[in-house]
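Below is one structure, written out as structure tokens; comments come after it.
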Amino acid sequence: MKTIGVIGSGTMGNGIAHVSALSGYKVFLMDINEILLDKGLQKIKSNMERQFSKDKISKDDMENALNNITGITNLESLVGCDLIIEAATEDVEIKKNIFQSLQNICNEETILASNTSSISIDLMASITNLPENFIGMHFMNPVPVMKLVEIIKGSKTSKKTEDKIIKLAKKMGKIPVVCNNSPGFVANRILIPMINEAILAYEEGVASVEAIDKIMTLGMNHPMGPLKLADFIGLDVVLNICKILHKDFKDDKYRPSSLLVKMVESGKLGFKTGEGFYKH
């Protein structure tokens, strides 16, 4: 594996391109327009400069990695990539359209991966010509810092594909952990209901935002409280995953709290809008 395509230059996409390029891979980072692409490329540069200033990487590492990345705005430029990682918006229709379009670009050896945090791997794989080449690679945010990559096998994912992706993740300096396809996989099946429960506790007046987070950080040794974490994830993302879990499991224990719904409807999405449970 020498060349990696990454679709989407937002927070997750530029992070995946960042670690891929630092690991020596040629990277094609794709987004729908030059404005979004330039923003993603600039974020990679600033993040690498921060790593260099903290002696995490050398100047040569940084320069070589930046030279490894090519920005593109069309899928056709991904022809010849050994692996294509989709990191677009967490919207099932958008992802399905991307993988449908990739069928005219990929060869029988191309591995397709999705960075989805909750959408069915089997659903997306079923759109492709070779579902055995399809797998989930759920990176954690921020990608350059977090070690885990949740590797999700679809029901038709081949052992060859799984082994290649595990090897790749290790070369990126990550720790791959494998699970089977299921709504929310492992990480978000456990995390998102916990966040939703914290929101319910606040909504019901059990404790203040600060108290809930302090109890979880001091009492449960979590590095960040669930409400602050929700702000950093994005309340719209939390709500979307809640809805997917609720729909797929058909169980009301996954129903999103009314406060979460109201906050998203009012545009209070957390860190990215400057206000969520905290002011940012």
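Since the structure is predicted, the reported quantities are computational estimates derived from the model, not experimental observations.
Put simply, the side chain of Ile111 reaches to within 4.5 Å of the side chain of Met1, judged on heavy atoms. For the pair Ile212/Val206, no side-chain contact is recorded, criterion being any heavy-atom separation below 4.5 Å from C-beta on. Side-chain atoms of Leu239 and Lys243, non-hydrogen and from C-beta on, do get closer than 4.5 Å to each other.
Remark: side-chain polar atoms of Glu90 are paired, donor with acceptor, to backbone N or O of Ser118 under 3.5 angstrom. Remark: the backbone N or O of Cys242 is not paired with any side-chain donor or acceptor of Asn196 at under 3.5 angstrom. Side chain of Ser9 to main chain of Leu36: a donor-acceptor pair is present (N/O by atom type, distance under 3.5 Å, no hydrogens or angles). Remark: the backbone N or O of Ala187 is paired with a side-chain donor or acceptor of Glu150 at under 3.5 angstrom. Between the side chain of Asn240 and the backbone N or O of Asp236 there is no donor-acceptor pair closer than 3.5 Å. Side-chain atoms of Asn115 come within 3.5 Å of backbone atoms of Phe139 as a donor-acceptor pair (strictly under, hydrogens ignored). For the pair Asn68 (side chain) and Val27 (backbone), a donor-acceptor distance under 3.5 Å is absent.
We find the CD1-CE distance between Ile215 and Met220 to be 8.5 Å, quoted to the nearest 0.5 Å. In this structure, the separation between CG on Leu168 and OG on Ser20 is 6.5 Å, given to the nearest 0.5 Å. The CD1 atom of Ile121 sits 5.0 Å away from the CD1 atom of Ile152 when rounded to the nearest 0.5 Å. We find the CG-CG distance between Asp213 and Leu227 to be 4.5 Å, quoted to the nearest 0.5 Å. Here the OG1-CD1 distance, from Thr161 to Ile166, works out to 11.0 Å after rounding to the nearest 0.5 Å. Remark: Met62 CE to Arg50 CZ distance equals 12.5 Å, nearest 0.5 Å.
Between Leu29 and Leu41, the closest heavy-atom pair is CD2-CD2, 4.0 Å. Taking both residues in full, the closest heavy atoms of Asn133 and Thr110 are given as ND2-O, 3.3 Å, listed atom of the first, atom of the second, then distance. Shortest non-hydrogen contact noted between Ala125 and Pro131 is O-CB, 3.7 Å. The shortest non-hydrogen separation linking Ile44 to Leu66 is CG2-CD2, 4.1 Å. Scanning both residues, Ser114 and Phe134, for their nearest heavy atoms gives CB-CZ, 4.3 Å. Residues Phe99 and Met124 share a closest heavy-atom pair of CE1-SD, 3.7 Å.
Around CZ of Phe271, the count of heavy atoms belonging to other residues, nucleotides or ligands within 6.0 Å does not exceed 12. Atom CD1 of Ile35 sits in a sparse spot, with 12 or fewer heavy atoms from other residues, nucleotides or ligands closer than 6.0 Å. In the displayed structure, Asn221 atom CG is contacted under 6.0 Å by at most 12 heavy atoms of other residues, nucleotides or ligands. Within 6.0 Å of the OH atom in Tyr25, the count of heavy atoms belonging to other residues, nucleotides or ligands exceeds 12. Counting non-hydrogen atoms of neighbouring residues, nucleotides and ligands closer than 6.0 angstrom, the CD atom of Glu197 reaches no more than 12 such neighbours. Within 6.0 Å of atom NZ in Lys45, 12 or fewer heavy atoms from other residues, nucleotides or ligands are found, so the atom counts as exposed in its surroundings.
For Lys147, there are no salt bridge (charged side-chain N to carboxylate O under 4.0 Å, His left out) partners two or more places apart in sequence or in a different chain.
Salt-bridge formation is not detected for the pair Asp163/Lys167: no Lys NZ or Arg NE/NH1/NH2 atom is positioned less than 4.0 Å from an Asp or Glu carboxylate oxygen. Salt-bridge formation is detected for the pair Lys96/Glu93: a Lys NZ or Arg NE/NH1/NH2 atom is positioned less than 4.0 Å from an Asp or Glu carboxylate oxygen. By the 4.0 Å N-to-carboxylate-O rule, Asp31 lies too far from Lys39 to be salt-bridged with it.
Both tests pass for Lys228 against the ring of Tyr278: distance under 6.0 Å to the centre and angle within 45° of the axis.
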Does Asp82 form a salt bridge (charged side-chain N to carboxylate O under 4.0 Å, His left out) with Lys164? I'd like the steps, not just the answer.
CA-CA 11 Å; Asp82 301 303; Lys164 282 186 175 182; over 6 Å; no
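Of the N and O atoms on the side chains of His280 and Asp231, at least one donor lies less than 3.5 Å from an acceptor on the other residue.
Criterion: ILVMFWY side-chain heavy atoms under 4.5 Å apart, direct or through other members. Under it, Met137 and Phe185 are not part of a common hydrophobic cluster. Cluster membership for Met194 and Met146, using ILVMFWY side-chain heavy atoms within less than 4.5 angstrom, is not shared. One hydrophobic cluster, built from ILVMFWY side chains closer than 4.5 Å, cannot hold both Ile105 and Ile4; they sit in different ones.
The aromatic rings of Phe249 and Tyr254 lie parallel to each other, their planes meeting at an angle below 30°, with 60° marking the opposite boundary.
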